Number of protein chains: 2
Amino acid sequence: MYRIGELAKLCEVKADTLRFYEKHGLLAPSSRSDSGYRLYSESDAERLRFILRAKAVGFTLAEITELLSIELDKSNWACADVKGLVDSKLAQVNEKISELNHFQVSLQRLSDACCGGPESAEHCSILEALESNTDNIKCENHAHHHDKSQYTKNCQNKG
Amino acid sequence: MYRIGELAKLCEVKADTLRFYEKHGLLAPSSRSDSGYRLYSESDAERLRFILRAKAVGFTLAEITELLSIELDKSNWACADVKGLVDSKLAQVNEKISELNHFQVSLQRLSDACCGGPESAEHCSILEALESNTDNIKCENHAHHHDKSQYTKNCQNKG
DNA sequence: CTTGACCTTGGATTTAACTCCAAGGTTTAT
DNA sequence: ATAAACCTTGGAGTTAAATCCAAGGTCAAG
């Protein structure tokens, strides 16, 4: 049997996290010592590892709660149910990735348009893009600068 | 001049959001009516659009606050400063994408290993993977099932 | 017998960006 | 003049997953 700090160290989480999981019904110690200390069995530890593996593939604690309830009553669930949870998570993840890819492309375009040099930001392409429109970015042309080529090598503009 | 509801509708945000932005120093109306109504100028509207564009490329409100302070004092900032913000955001976004790609791959592997059929989850590959280890997933072999091929077509296992 | 490490509980705080609410004042249209 | 639609303020609630705190009990070592 592990005390809370032992299990925490073993699984690289904080004791507070284990208490949090208990409060939220994910993992309760199977017993208590005479003085009230939580005592976790090896099977409690397995359950914790299940939780952590599910977290590691992106499930929220609410979703893990569902998975755990299936896990404890497997015979009354079908593969379709389990796969459904995974596929639904997969869809969420793909959607989030897609949003972030959108950000990524936009930010990269902004970054590429800016010389990133010591010039005043008065004509900064990034600020100008945010002032008017994120699409259709114009590259900088620091006319007062003596070495124009130095800081504009990233820009994809034509003309 | 726009009243709060007008500007909100114009920019497709809620009036509450505008009050929230004001409370957090992002956007204050340039005046008030005699009765205390907020009155936003065209330039306030432009500032709001700046905020919304920055949000659309992934910046947080805290980061947008920084961008706005640069925007209002451009000549005392360099392109390098602005590009620095963008590149730092880019790095964060890339990191998050990378984490989500990790989730994506793991979930896809789990999904592929599971037949997703009406069979009992007692031998579900997904649950088994979460019980032991996310890597090295074993596909299902529902020995009691009469049509083995029907639900195992997704599995990549060898042997 | 006391120090230090560990444990208990309940509850508060954190982060981000809103969103909602109540109680009341203003404007506009009929 | 009255109802509908709009506005004001201050403050509370939401979500997720912890994380931290205070006040106090327990246990092993020296």
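Model, not experiment: these values are computed from the prediction. The chains referred to below are lettered A, B, ... by the order of the sequence lines, with proteins before strands, and numbering in each begins at 1.
- Residues Phe103(A) and Val57(B) approach most closely at CD2-C, 3.5 Å, considering heavy atoms.
- Rounded to an integer number of Å, the gap from Glu63(A) CD to dT15(D) C1' is 13 Å.
- Within the structure, salt bridge (charged side-chain N to carboxylate O under 4.0 Å, His left out) contacts touching residues 70-80 of chain A (residues at least two apart or in different chains) are Lys74(A)-Glu131(B).
- What separates CD1 of Ile51(A) from P of dA18(D) is a distance of 10 Å, to the nearest Å.
- Residues forming a salt bridge (charged side-chain N to carboxylate O under 4.0 Å, His left out) with Arg3(B) (at least two apart in sequence, or on another chain): Glu6(B).
- Qualifying side chain to side chain donor-acceptor pair (under 3.5 Å) partners for Asn94(B), counting only residues two or more places apart in sequence or in other chains: Gln104(A).
- With a 4.5 Å cut-off between side-chain heavy atoms of Ile, Leu, Val, Met, Phe, Trp and Tyr, the cluster of Leu39(B) takes in Met1(B).
- Here salt bridge (charged side-chain N to carboxylate O under 4.0 Å, His left out) pairs that include residues 13-22 of chain B, with residues two or more places apart or in two chains, are Asp16(B)-Arg19(B), Glu22(B)-Arg32(B), Glu22(B)-Arg38(B).
- The interatomic distance linking Leu7(B) (CG) with dC7(D) (P) rounds to 11 Å, in whole Å.
- The side chain to side chain donor-acceptor pair (under 3.5 Å) check on Glu99(A) picks up Lys96(A), with sequence neighbours excluded.
- Whole-Å rounding puts the Lys9(B) NZ to dC7(D) C1' distance at 15 Å.
- Every salt bridge (charged side-chain N to carboxylate O under 4.0 Å, His left out) that Glu63(A) has, sequence neighbours left out, goes to Lys89(A).
- Atom OH in Tyr40(B) sits about 12 Å away from atom C1' in dT8(D), given to the nearest Å.
- In this structure, Ile4(B) atom CD1 and dG25(C) atom P are separated by 20 Å, rounded to whole Å.
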If a protein heavy atom is under 4.0 Å from the base, mark B; if only from the sugar-phosphate, S; if neither, -; do that for nucleotides 9-17 of chain C going 5' to 3'. B-------B
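- Taking each heavy atom of Val86(B) and Leu107(A) in turn, the nearest pair found is CG1-O, 3.5 Å.
- For the contact set between residues 93-104 of chain B and DNA chain C, defined by any heavy atom under 4.0 Å, there are no members.
- Every residue two or more places apart in sequence or in another chain that forms a salt bridge (charged side-chain N to carboxylate O under 4.0 Å, His left out) with Glu42(A) is listed here: Arg49(A).
- Legend: residues meeting side-chain contact (heavy atoms from CB on, under 4.5 Å) with His24(B), ordered by chain and number and at least two apart, are Phe20(B), Leu26(B).
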Identify each atom pair where a protein N or O and an N or O of nucleotides 26-30 of chain C are less than 3.5 Å apart, giving names and distance.
{"residue": "dT26(C)", "atom": "O4'", "partner": "Tyr37(B)", "partner atom": "OH", "Å": "3.3"}
{"residue": "dT26(C)", "atom": "O3'", "partner": "Ser35(B)", "partner atom": "OG", "Å": "3.4"}
{"residue": "dT27(C)", "atom": "OP1", "partner": "Ser35(B)", "partner atom": "OG", "Å": "3.1"}

